[in-house]
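The block underneath contains the structure these notes are about, expressed in C-alpha cells.
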Amino acid sequence: GVEVGPQPQGVARADVLDKMRKIVKHGLDFVQLFNEGKEFPPCTIEVFKIMEKVDYPRNKNGEIIAIIHPKLQDQDWQPLKNGDPQFLTLDGEVIPYQGNCTVYPTFINEAAYYEKKQAFVKTEKIQLTAKHLRLSVS
C-alpha cells in the first residue's frame, strides 16, 4: 500500500494525487527493471522508524486538557528536541517535550486519530543499507 498525505478526510488534492502517481510509477519502474535483470548497487536511505504514539495530556476523567502547541502544529517530520514546546494547556501553560534524544513527530493533530488517543507519533531518523540486488535466474 501507498499512503501519501496529509490531506483532510473527504478532500481530493491535486498535489497529493500527483505525489501518489509518481511514487506508484517509480515502484512499477523498479519492478520492470528488476524483472529485466537490471542490477541495483548497494545503497543507503534515511527512514523514520516509529518509536511510540503520544496521547494528549488528560485529566483524571480522561478529558483532554491540552492542545498541540502552535510551534509544533504542521511540523510533521521536523526535529523535536528536549525542551521544545509540545502542548499548550487550556490555561496557557506550555508543556515541553522531555526526551533524551531528538525525535521527528508525524501525524500531528490528525482529526482521525483523536478517538485513538493519539496526538502524534514519535519517530527516530535511522539509516538503512541495502546490499546489491539482482534477479537470480534459475
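- Here the shortest heavy-atom pairing between R134 and G37 reads CG-O, 4.0 Å.
- Closest heavy-atom contact between Q73 and N109: OE1-ND2, 3.0 Å.
- In this structure, Q32 CD and K25 NZ are separated by 9.0 Å, a value rounded to the nearest 0.5 Å.
- Note on ring orientation: taking the six-membered ring where Trp is involved, the planes of F107 and Y113 are perpendicular (angle over 60°, cut-offs 30° and 60°).
- Heavy atoms only, all atoms of each residue included: F120 and Q86 are closest at CZ-OE1, 3.2 Å.
- For the residue pair D76 and Y104, no side-chain donor N or O sits within less than 3.5 Å of a side-chain acceptor on the partner.
- Heavy-atom neighbours of E115 CD from other residues, nucleotides or ligands within 6.0 Å: at or below the threshold of 12.
- Side-chain contact check for L133 versus F30: some heavy-atom pair is nearer than 4.5 Å.
- Between the side chain of N59 and the main chain of N61, a donor-acceptor pair closer than 3.5 Å is present.
- Inter-residue side-chain proximity for P70 and L88 is flagged as met; some heavy-atom pair is nearer than 4.5 Å.
- Residue L33 qualifies as enclosed at atom CG: its count of foreign heavy atoms under 6.0 Å is above 12.
- Contact of the K49 side chain with the T123 side chain is not registered, since no non-hydrogen atoms from C-beta on lie closer than 4.5 Å.
- At distances below 3.5 Å, not a single donor-acceptor pair connects side-chain atoms of N82 with backbone N or O atoms of N100.
- Classification of K19 and D15 as a salt-bridged pair fails, no side-chain N sitting under 4.0 Å from a carboxylate O.
- Two residues are said to be in side-chain contact when any heavy atoms from C-beta on lie closer than 4.5 Å; F87 and V94 fail this criterion.
- F34 CZ to D29 CG: the interatomic distance, rounded to the nearest 0.5 Å, is 15.0 Å.
- Shortest non-hydrogen contact noted between L80 and P85 is CD1-O, 4.0 Å.
- Using a 4.5 Å heavy-atom threshold, the side chains of R58 and K117 count as touching.
- Put simply, CG on L72 and CD on Q78 are 10.5 Å apart, with the number rounded to the nearest 0.5 Å.
- Side chains of V103 and Y97 form a contact here, defined as non-hydrogen atoms less than 4.5 Å apart.
- The hydrophobic clustering, which links ILVMFWY residues whose side-chain heavy atoms are closer than 4.5 Å, places I64 and I68 together.
- Two residues are said to be in side-chain contact when any heavy atoms from C-beta on lie closer than 4.5 Å; R21 and V24 fail this criterion.
- With hydrophobic clusters built from ILVMFWY side chains whose heavy atoms lie under 4.5 angstrom apart, I108 shares a cluster with Y114.
- In this structure, I126 places its CD1 atom where more than 12 heavy-atom neighbours from other residues, nucleotides or ligands lie under 6.0 Å away.
- Atom CZ in F48 sits 6.5 Å away from atom CH2 in W77 (nearest 0.5 Å).
- A 4.5 Å side-chain heavy-atom check between C101 and M51 finds at least one atom pair inside the cut-off.
- Of all non-hydrogen atoms in Y56 and A66, the two that sit nearest each other are CD2-O, 3.6 Å.
- When every heavy atom of K53 is checked against every heavy atom of V121, the shortest pair comes out as CG-CG2, 4.1 Å.
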